[in-house]
Every structure is written in structure tokens, then in C-alpha cells.
Amino acid sequence: MSSRRHFLAGSAAAAVGLAALPQAVQPARAAAAGTPAGAEAGAEGPPNLVVILADDLGYGDLGAYGQKLITTPRIDQLAAEGLRFTDAYAAAAVCAPSRAALLTGLHTGHAAVRANPSSGGQGSLGAGDTTFAEVLRARGYRTGLFGKWGFGPEAGDQPSHPSARGFEEFYGYIDHGHAHQYYPAYLWNGNAKETVPTGTFAPDAIAARALGFIDAHAAGPAPFLLFLTPNLPHAPSEIPDASAYASQPWTQANKAHAAQISLLDAQVGAVVDRLKARGVAERTVVLVASDNGPHEEGGVNPDLFDANGPLRGYKRNLYEGGVRVPLVAWSPGRIAAGTTSARPTPLYDLLPTLADLAGGAPAPSDIDGLSAAPVLNGAPALAPVHDHLYWYRDEQGVTSRANAQDGGRAKQVAEAIRKDRWKAVRFAPARDRTVPDAQWRFELYDLTADLAEQRDVAAANPSVVASLTAALRASWADTYVRRPWGLTTTADPSAGSLTTTLANGTARPWADARVSLDVPAGWTATPAGPATAASLAPGASLTTVWTLTVPQGAGPATLTASATAGGSAFTARTPYAPLPAPPTRDSYLSDLPWVSAANGWGPVEIDRSNGKQAAGDGTPIAFGGVSHAKGLGVHAPSEIVYHLGGRGNRFTALVGIDDFSKKQSASGATRATVRGDGRILATTGTLTGASGPTALDVDVRGIRLLHLVVEDANANSAFDHTSWASARVTVV
């Protein structure tokens, strides 16, 4: 089972990574020498990095971008003292896909999360989705996320959790549904839920934790990455104090919304003040942006505030107002005051930009983002420019203004592209993006002459339409296969081994690669092959199988693999459980310990949970109204392994999409396989809610390891919850 990837944390480990950083030059000197600006850190070492991401803040919601009614003096001051991007873009028009793209450097034609969960997608990152936090931790940064993560599952200790994706400190909300609560009963502190006092206004508590992170790490020795993601000014319009706008002749929702934006501004100011108080402002880069355009929920009127400025559209639209966002960069001594940039800059540029600012941190090479670090360092001519920008939209939430802008097509799949002066938006007839191009409604706008996208010029420019249509098609991949990156581990207790793989997923060779494995006292780990390499070329990897000797009766442990290569350092921690004892009597599998369990969505559900809880206390599993008290709930793709030790006789079960899951949606389709010691013992046809379950009665005599596998059967993993009901093994 693949581990979560963890990267260097702690002052001693950070020193390893920082010691290997290249000798720095000042940005101006780098530009003069022809070196990409930002590719090396300043003489004092790599800068601290602060990214502040607002939630539903429109292009026109800040004074620096033309706002007249809402006061935002602190962000406006940053824009005056730094750099204001005029053509920055969110990667999507709604939360989850926008944030996933921002974190991983992939646009929504390639990213793992391409829709909000309400549209049927699972909204999670996987073990192979490298984030900018992972990249910076490999370079010795301390990393903290405070606020809204934006996608699920809402559970700790799983691959889509912030702590598994590079953030050593996390406090806030995991999924965006929970983030709608400004006065929550709990917030997540790392992998654990933490009850908060009644009446706690979450943005205040989150901001306090972020300031504490600065206090803890400002003195070093390692630089830090602070990712502050308040849920301001997302609906609902709740805030303890809206008195600053009490005299305005507005609705209470609009007053509170304005106060939320002003509070966001004050929180940005508090971060800057703390950086100055700790003496690190001049070696810190601060970026302030938004995840998509302005919202209109909960009675808020974005038109009152001219929240989209001169642009057309709102949150959920792929017109400029839905995806063009404010982006302000501030760093005294690095970024010249009062500057602007018209470079089309999508927020999926953030990963390579931060990697360059950090002194050449090991960014993956298979991303869509391009580094904007030269723009920040005063050498914009050296910044690479995208051939085109791409957006995908599959959103089932509907709001009136956004739907009107889309001509009533808010629930239809849409795509957009910007290439130079041209901006195209096209709508599929429904939710199937594979339909022929002629069935799409294609709109074309010339942003140079028509920034507000009011005049569709598609009919007059057929060659442009054809070219952009081809680019739209080429930007999409049903499955975007990533190049392996970093250090991963795979435990195989059945073989008494653990495999480490250090993969160079960057564009540069890594020198002097070394991998080691730390095991508990009394254990031994012996490499069966090389654990070092003089160099790893781009795309190459170093794989080492470690044979483990475990003391009799030893329980589960966490094994830590470490690696250094090319000036970066990595760690990967893997739970390892020695094989449990085989069953001694007839047993339900839900009563036996498993060797390993991999599940496509959340934890494997045990006994009667049936989609409601992590384990053990939900409605009994039912097929066709007939209940079964024992079973296992999984979501494709999944694999659960049990140790029978040759003691088994028969394995019996009903496997299928149960009544609870069928009620959620009829679109689930899976296929189940039973394997024993690598051999296929039984397999089902396609399982759907309509087909009912398949009964299995399998001879498992002599089988040492029993594998229960469920796979997606229709290239759509949504609603693929499957149950193994009355799963039982009899012994010889």
C-alpha cells in the first residue's frame, strides 16, 4: 500500500535541505547574467513565502481594483507598495477545482479535482498529486495551512488531507461544506477534530493560529511557507461586527458582506504587521489572491458593489468576471513599488513560482504552470508566457445572475480558453463533453476591444474558432498520468518487506541520491539492492527493496524512509503491521484484522456503517430490502487483504451496490474480484444498483492471503460505493 508522502520538517532536517541550496545572487544580477529571475534565492537565503487566498473575492472587490463602497486600505497599500496583476486568473469558477489546481500546478483539464462534490465528483487529491507545500518542504521550508482546504473527504490520516500533502501544521476546515459554517462546533487541528468554544468566529481563530505560526518560525533557522485561506467573504454573510457599514442604506446581508471583505483586509494587514514586528518583512514575499469571482448567495448583491469591476460574469461563470481575480504581490526590496503586470497569470503558476523563489526547489516537470518569479523580481521579460489558458466547468449549483449570464446554461458543461487577445467560452448541450464540436455553443470575444465580453465575434472569425476548438480538445485528458515525484514507500507485510522509490519527476538531474530506512529497536532492515545512485536523470528513479526482520509478537509500527538528492531532502512515513494471526474459527471478515486496506474514498466501513460513519454504527447493509448485519463498505477502487495463513476453507459473501448507495444515485457501476495469493479465484460482472448483488462461494483452501478488490466499471468513480455483505470465511 502506497504511503502518504511527507517531507522535511524540523530544524535539524531543514538544515540538511538548506545546506545544499545554490549560492544566491540578487535578482537584478541574475537577470543581467541571463539567469531566470527567481531561480536562485537572495544572499540571505530563500525568502519566507506567504500566500493568502480569499474565498469568492471578486476582481472589483478591492480598492486597488476600483472598489468604491468597501474599504480595503491594507491590501490597497500592499498594491501601492508592490505589484498588482491586472490579468491574473483563478483556475476554475468554483472552489474545489480552483484550489486543487492552485496547489498542484495543473489546470482543470488535467487536475485530479475538476468539479465541486455537488456535481458528483469526489473532490479529493491522491498520493501522486504533488503540491507546492511538498515541493517547498523538500527544500527545507516549514509549512502551515490555516483556513479552508476546500475538498474532502473530511477525515484525518488520508491522502487528501493537508498533512499528507505537505503541510506539517494545519488548522481549519477540510471540505468546503464545513467551511460554510462561520461558527462551527469544531475545527480540524492536524488529523484530529478539535472542539471550539461556543460562539467562536472561525476566521478570528484561524487568523490567530496563522500569526502564531509566524511567531514560531520567523527566527528560523528554516524559512517558512504560510498558506492562509480564510473563508471570507463566502456566504453566508455572518460576522460579529458589521457596524462600519451600519449607516449604509443596504440590506443586512450586503452590510455584513462588506464587513467580511474589510475583515479580510484587516487580517492581511495583521499578517504584514506581524512580519514587520518579527523583522522578516524584507525577506518575505506576500501574495494575495482569490479562488474565483464574486458570489451572489445569501441575499448578497454583487452588482451593488460592482464586485466584478468592468468584467462580465460571477462565480460559476467562465466569462472574465468568474475567473479573473485580484493578485497582489508585496516584498520590500524585491518587488518595486507601484508596478503592474498584464501577463496572463493563472494561479496554477503558483507552484513553479514559489519553487523558483525558494531557490530552485524541485518542482515537478509535468505541470501546466509556468513560473512568474521573474515578474516579481523585476525582470518580466524573462518570464515564460502561456500559449493559452484553459478552464473547465461542470457545476450543478445554480444562482440567478450567473445562470442569466450563461443564457440559462449554468448546469451544462462549459469550457473556456484565452489565447492572446482572444477569449472563447463554449457550452456542451448537456453534461457530456465528448459530444461533437458542432453540438457545442461557441462564443468568441476580443478582449482587447471588448473586455466586458459583450460582442460575440465567432461568426466573423471561423479560423480562430477552429484553432481554439482544437486547443480546447487538446487541453483535456480523461486521465492525466503523472510522472512519479519524490520519495514513496510500499509495504508488503506478506513478504516481510518494504520498497522505497525515489523518483526524479523534475526537469533537472539529481546528484548523489541516497535512501535510508529507520525501523524500531529490535527490527532490522536490509536493502536487497542499491540504496544510492551517483545521479538520477529526469524521469529516473532509485528503487530499493528492504527485507525486514521483525521480533516475535511485534505490533504495528511506523517506518520512516529518508532520502537526499540534488540538494533536496525527503521523508516518507509508512504504517507497517506484521501479519496478523490467521483465523482459528469461522469468522465474519469485519471481525478480523486486515493486512492492508486501500480505499478510493475515505476509510473502509466496517460492519453496519453503510456509508454513514467510518465504522460500525449505521443502517444494516441491505440489498433489495433484505438486511445483512455484517459487512464491509468500500468505494472503488479498493483492495482489502486478509491473512488466512492456509487455514481457510470457504469464503462467502454478497457483493454489490447496496440500497443506500443506489438511493443516492443510479450511476454507480463497479466490478469485484476475489484473489488468493495472486490468483483470481472469482470475479463478477458489472455491478449496479439495478443489477443487484452477486453471491460468491469461493474455495480458499491453502490460500495464504485473500484479496477483495473492487474496481470502477464505467470510467466514472462517482457513486461507486459497494458493499461486501455477510462476508465470511470458514476454517478447515
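Listed for the Asp712 side chain is no donor-acceptor partner under 3.5 Å among the backbone atoms of Ala636. At least one donor-acceptor pair under 3.5 Å links the side chain of Asp677 to the backbone N or O of Leu705. In this structure a side-chain-to-backbone donor-acceptor pair under 3.5 Å is present from His643 to Pro580. Side-chain N or O atoms of Ser541 include none that pairs as donor or acceptor with a backbone N or O of Ala503 at under 3.5 Å. The backbone N or O of Ala572 lies less than 3.5 Å from no partner atom in the side chain of Thr489, so there is not a single donor-acceptor pair. A distance-only check finds no donor-acceptor pair linking the side chain of Ser638 to the backbone of Asn599 [under 3.5 Å]. Not one N or O on the side chain of Arg142 forms a donor-acceptor pair closer than 3.5 Å with the backbone of Leu226. Checked by atom type and distance alone, the side chain of Ser365 pairs as donor or acceptor with a backbone atom of Gly505 at under 3.5 Å. Between the Thr353 side chain and the Ala372 main chain, a donor and an acceptor come within less than 3.5 Å of each other. At least one donor-acceptor pair closer than 3.5 Å links the side chain of Arg114 to the backbone N or O of Gly109.
Taking the charged nitrogens against the carboxylate oxygens, Asp512 and Arg514 do have a contact shorter than 4.0 Å, which makes a salt bridge.
In this model, no donor atom of one side chain and acceptor atom of the other lie less than 3.5 Å apart for Trp510 and Ser568. Judged purely by distance below 3.5 Å, without hydrogens or angles, the side chains of Ser494 and Arg704 never pair a donor atom with an acceptor atom.
One distance of note links NE2 of His707 with CD1 of Ile640; it measures 12.0 Å at 0.5 Å rounding. The distance from atom CZ of Arg483 to atom CD1 of Ile367, rounded to the nearest 0.5 Å, is 12.0 Å. To the nearest 0.5 angstrom, Arg671 atom CZ is 11.5 Å from Thr722 atom OG1. Atoms NE2 and OH, from His107 and Tyr480 in turn, are 7.5 Å apart once rounded to the nearest 0.5 Å. We find the CG-CG distance between Leu351 and Leu103 to be 8.5 Å, quoted to the nearest 0.5 Å. Note that CD1 of Ile214 is 9.0 Å distant from CZ of Phe146, once rounded to the nearest 0.5 Å.
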- Task: Before giving the answer on salt bridge (charged side-chain N to carboxylate O under 4.0 Å, His left out), spell out for Arg482 and Asp366 the whole-Å C-alpha distance, their side-chain angles and the decisive distance to 0.1 Å.
- Result: CA-CA 7 Å; Arg482 300 298 307 275; Asp366 59 349; 2.9 Å; yes
- Task: Take Leu542 and Thr501 through the test side chain to side chain contact (heavy atoms under 4.5 Å, CB included) and record every step on the way to the result.
- Result: CA-CA 6 Å; Leu542 171 62; Thr501 300; over 6 Å; no
- Task: Could you go through the side chain to side chain contact (heavy atoms under 4.5 Å, CB included) check for Gln158 and Ser124 one step at a time?
- Result: CA-CA 10 Å; Gln158 43 85 13; Ser124 61; 5.8 Å; no
- Task: Mind running side chain to side chain contact (heavy atoms under 4.5 Å, CB included) on Leu102 and Phe132 for me, showing each step along the way?
- Result: CA-CA 9 Å; Leu102 174 147; Phe132 59 71; 3.6 Å; yes
- Query: What's the verdict on side chain to side chain donor-acceptor pair (under 3.5 Å) for Thr673 and Thr683, showing C-alpha distance, side-chain angles and the deciding distance?
  - Reply: CA-CA 4 Å; Thr673 302; Thr683 189; 3.3 Å; yes
- Task: Any chance you could lay out the side chain to side chain contact (heavy atoms under 4.5 Å, CB included) test for Phe227 and Leu53, step after step, and finish with the verdict?
- Result: CA-CA 8 Å; Phe227 190 29; Leu53 185 68; 4.1 Å; yes
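Between Leu517 and Val515 the shortest side-chain heavy-atom distance does not fall below 4.5 Å. Counting heavy atoms from C-beta outward, Pro153 and His161 have side chains that stay 4.5 Å or more apart. A 4.5 Å side-chain heavy-atom check between Trp485 and Phe570 finds at least one atom pair inside the cut-off. The side-chain heavy atoms of Leu681 and Phe651, taken from C-beta on, include no pair separated by under 4.5 Å. Side-chain contact between His176 and Arg99: absent, with no pair of heavy atoms (C-beta onward) separated by less than 4.5 Å. A heavy-atom distance below 4.5 Å is not found between the side chains of Leu275 and Asn48. Put simply, the side chain of Val655 does not reach to within 4.5 Å of the side chain of Leu708, judged on heavy atoms. Side-chain contact between Leu228 and Val51: absent, with no pair of heavy atoms (C-beta onward) separated by less than 4.5 Å.
Trp188 and Tyr186 make their closest contact through NE1-CE1, 3.7 Å (heavy atoms, listed as atom of the first residue, atom of the second, distance). Contact record, Gly152 with Ile174: CA-CG2, 4.3 Å, taken as the closest heavy-atom pair. Shortest non-hydrogen contact noted between Tyr348 and Ala101 is CB-O, 3.6 Å. Between Thr284 and Ser331, the closest heavy-atom pair is O-OG, 2.8 Å. Looking at every heavy atom in both residues, Glu134 comes nearest to Asp129 through OE1-O, 3.3 Å. When every heavy atom of Tyr642 is checked against every heavy atom of Leu592, the shortest pair comes out as CE2-O, 3.7 Å.
Here the two rings, on Phe213 and Tyr171, have centers that are 6.0 Å apart or farther.
Ring geometry, Tyr576 versus Trp523: the interplanar angle exceeds 60°, so the pair is classed perpendicular (tilted spans 30 to 60°).
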